[in-house]
Number of protein chains: 2
Amino acid sequence: MVTQSEENYLKAIYHLGKQGSISVSTNAIAEKMTTKASSVTDMLKKLAEKELVDYKKYQGVSLTKEGKIIAANVVRKHRLWEVFLVEKLNFSWNEVHDIAEQLEHIKSQKLINELDAFLGLPTHDPHGDPIPDREGNLQKSQKIFLSQVNPSVNCSCVGVKDSSDNFLKYLDKNSIAIGTAIQVLTKEAFDESMTIKINNSELTISKEIASNMYVKIN
Amino acid sequence: MVTQSEENYLKAIYHLGKQGSISVSTNAIAEKMTTKASSVTDMLKKLAEKELVDYKKYQGVSLTKEGKIIAANVVRKHRLWEVFLVEKLNFSWNEVHDIAEQLEHIKSQKLINELDAFLGLPTHDPHGDPIPDREGNLQKSQKIFLSQVNPSVNCSCVGVKDSSDNFLKYLDKNSIAIGTAIQVLTKEAFDESMTIKINNSELTISKEIASNMYVKIN
DNA sequence: ATATTTTTTTAGACAAGTCTAAAACATATT
DNA sequence: AATATGTTTTAGACTTGTCTAAAAAAATAT
């Protein structure tokens, strides 16, 4: 049995080390989890004992195959629940994280498979991040920042980087949401601002805005 | 903050003592929670400290107003999640309990209110038990056993008492589910068996079956 | 009314997960 | 290479929730 706390450590290692394959430091984990390095060391020993991580003193830590599967499954659950909250229960992007942090620890294989089907087998969560499949494989996300798109290219919004309240309100005001089609019209070399076309209306956006929105080229 | 464990104790007291108003014994709680009486005593002290229960040594325990609200809310969450699992995720009655035991501890007022609305403000869970409202009030359940219904009366199935696999399979086989309309045709005085009408087809059922099904008079 | 049985509480111990403070190790600087 | 700085681990302590074994109180039986 893997405890809730263990799952959280595995998830942190997974996120810090590119799906857990790269070795990450004790301090990095401590910072990510807002805990103390000594607590991390204690936990790493326990996880190594259970063969969920490869750990050598002072050498950093990475996930074993088994650890990677568990971590990917936690991430899968987290992101599926986020989709559920946004699509079915009227939550907005920035409200879902804390609740998904709780829901990701619910243990039931059937539950998560049924939820997946109920949601229509989504491949990305409301922030545009990919949802690991049952085997823990990630669909290679081909999302890029809107700021990287060249004029006259058509793309559609798939997510945001920073989902602060202010930013989401800005998107709302300009009727931009997940799936909204966007065409880049012009790109100003001086300040990297852009004009874009949404639903046949033009909009000028700053570099800050453009580099906070993820899009997919159509 | 109320811990998960505290919530479980409050819930046990709530169920054992008719919504927690009647005083229940240490041993009864221990048995219900499959733990030891000494552990219960420890927890009762803590809950009394937090003014969630009225507790005097050797005198049993009952919920305070505050404790009752918390317990009712846990029960509310448990039963709403059960409805969700059965109605939306294709679970059957007997599969939902363990998962609902986990989900009932998720903390988010908005989540539970939205879920409630999403499910259409249900008043009863898949077992026919009433769902406490936001204030913790129970709708007086007017469910009775099918065995108590008199001939020629129309009613509909609202739940079962014992949800063993065998029993649920029996119901399935005879196309009886929540909401199924049932008319009692005859009642045999000798063995209390009945004939009933479901979807225009007749069925004879034993006393054992009839006294394991809850119905509501139409 | 006293003895016996049952229930409940206390006392002390343990595991999980965390912390602080100090020691050990690794890295960077000169 | 020696020292300074930063990182990681160890040692010991604390909290929560649990347990066992023994003591205390209450209920029951004789």
Side-chain angles (χ1 to χ4, degrees), chain A residues 1-14 16-17 20 22-63 67 70-71 74 101-102 104-107, chain B residues 1-17 20 22-63 67 70-71 74 98 101-102 104-107:
Chain A
M1 239 284 296
V2 184
T3 69
Q4 196 153 315
S5 186
E6 287 167 351
E7 284 188 345
N8 283 332
Y9 277 95
L10 293 174
K11 187 179 54 150
I13 298 167
Y14 181 90
L16 287 168
I22 294 170
S23 171
V24 300
S25 76
T26 301
N27 260 3
I29 299 170
E31 191 178 353
K32 176 127 197 161
M33 303 191 61
T34 50
T35 183
K36 292 296 152 69
S38 54
S39 308
V40 175
T41 302
D42 287 347
M43 183 55 92
L44 293 184
K45 283 184 197 163
K46 196 187 310 179
L47 292 173
E49 187 63 39
K50 292 189 174 189
E51 303 194 46
L52 300 175
V53 298
D54 290 318
Y55 169 61
K56 281 211 207 69
K57 278 191 197 178
Y58 298 104
Q59 301 283 117
V61 72
S62 60
L63 297 178
I70 294 173
V74 174
E101 289 281 295
Q102 300 178 60
E104 71 189 5
H105 299 293
I106 301 294
K107 280 170 184 54
Chain B
M1 237 283 297
V2 183
T3 69
Q4 196 153 315
S5 185
E6 287 167 351
E7 284 188 346
N8 283 331
Y9 277 95
L10 293 174
K11 188 177 54 149
I13 298 168
Y14 180 89
H15 282 135
L16 288 169
I22 294 171
S23 172
V24 300
S25 75
T26 301
N27 261 3
I29 298 169
E31 190 179 355
K32 176 128 197 160
M33 303 191 62
T34 49
T35 182
K36 292 296 152 72
S38 56
S39 307
V40 176
T41 301
D42 287 347
M43 183 54 91
L44 294 184
K45 283 184 196 162
K46 196 187 309 178
L47 292 173
E49 188 61 40
K50 291 189 173 187
E51 303 194 44
L52 300 175
V53 299
D54 289 319
Y55 168 61
K56 282 210 205 71
K57 277 190 197 177
Y58 298 103
Q59 302 282 117
V61 71
S62 60
L63 298 178
I70 294 172
V74 173
D98 291 347
E101 290 280 296
Q102 299 179 59
E104 71 189 5
H105 300 294
I106 302 293
K107 281 170 183 50

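Below, read A as the first sequence line, B as the second, and so on, with proteins coming before strands; counting in each chain starts at 1. The structure displayed is predicted, hence computed values, not measured ones.
- Taking every side-chain heavy atom of Thr41(B) into account, dT10(C) is the closest of dT18(C), dC19(D), dT10(C).
- For the pair Lys45(B) and dT9(C), the criterion of a side-chain N or O lying under 4.0 Å from OP1 or OP2 is not met.
- When the C1' atom of dT18(C) is taken as reference, atom CG of Asn8(A) falls 14 Å away, rounded to whole Å.
- You'll find that the side chain of Ser39(B) is closest to dC19(D), out of dC19(D), dT9(D), dT10(D).
- Side chain of Gln102(A) to backbone of Lys107(B): a donor-acceptor contact under 3.5 angstrom is found.
- With Val61(A) as reference, Ile13(A) is the one residue of Leu52(A), Ile13(A), Asp54(A) to meet the side-chain contact (heavy atoms from CB on, under 4.5 Å) rule.
- For Thr35(B) and dT18(D), the shortest distance from a side-chain N or O to OP1 or OP2 is not below 4.0 Å.
- Here Lys36(A) does not reach the OP1 or OP2 of dA21(C): none of its side-chain N or O atoms lies under 4.0 Å away.
- Surrounding CD of Glu101(B) are more than 12 heavy atoms belonging to other residues, nucleotides or ligands, all under 6.0 Å away.
- Under 4.0 angstrom from either OP1 or OP2 of dT9(D) there lies at least one side-chain N or O belonging to Tyr55(A).
- Residue Tyr9(B) places at least one side-chain N or O under 4.0 Å from the OP1 or OP2 atom of dT18(D).
- Of the inter-residue distances, the one linking Ile22(B) atom CD1 with Leu63(B) atom CG reads 11.5 Å to the nearest 0.5 angstrom.
- Ion pairing between a basic and an acidic side chain is recognised when a charged N comes within 4.0 Å of a carboxylate O; Glu6(A) and Lys11(A) show no such pairing.
- Residue Ile29(A) contributes atom CD1, which lies 13 Å from atom P of dT18(C) at whole-angstrom precision.
- In this entry the distance linking CG of Leu44(A) with C1' of dT10(D) reads 14 Å, nearest Å.
- If you measure from atom CG of Asp42(A) to atom C1' of dA16(C), you get 10 Å, rounded to the nearest angstrom.
- Between the base of dT18(D) and the side chain of Ser5(B) there is no donor-acceptor pair shorter than 3.5 Å.
- For dA21(C), neither phosphate oxygen OP1 nor OP2 lies less than 4.0 angstrom from any side-chain nitrogen or oxygen of Ser38(A).
- In this structure, CE of Met1(A) is placed 11 Å from P of dA16(C), rounded to the nearest angstrom.
- Remark on DNA chain C: of its neighbouring residues Met43(A) and Gln59(A), the 5'-side contact belongs to Met43(A), judged by nearest-heavy-atom nucleotide.
- The interatomic distance linking Asn27(B) (CG) with dA27(D) (C1') rounds to 13 Å, in whole Å.
- Phosphate contact (OP1/OP2 of dT10(C), side-chain N/O of Lys57(B), threshold under 4.0 Å): present.
- Rounding to whole angstrom units, CE of residue Met33(B) and P of dT18(D) are separated by 7 Å.
- For Ala37(B), whose side chain is taken as the heavy atoms from C-beta onward, the closest listed nucleotide among dT8(D), dT9(C), dT18(D) is dT9(C).
- Going from atom OH of Tyr58(A) over to atom P of dT9(D) covers 6 Å, rounded to whole Å.
- Under 3.5 Å, the side chain of Thr3(B) and the base of dT16(D) form no donor-acceptor pair of N or O atoms.
- The side-chain contact (heavy atoms from CB on, under 4.5 Å) with Lys32(B) is formed by just one residue from the set Leu16(B), Val40(B), Val24(B); it is Leu16(B).
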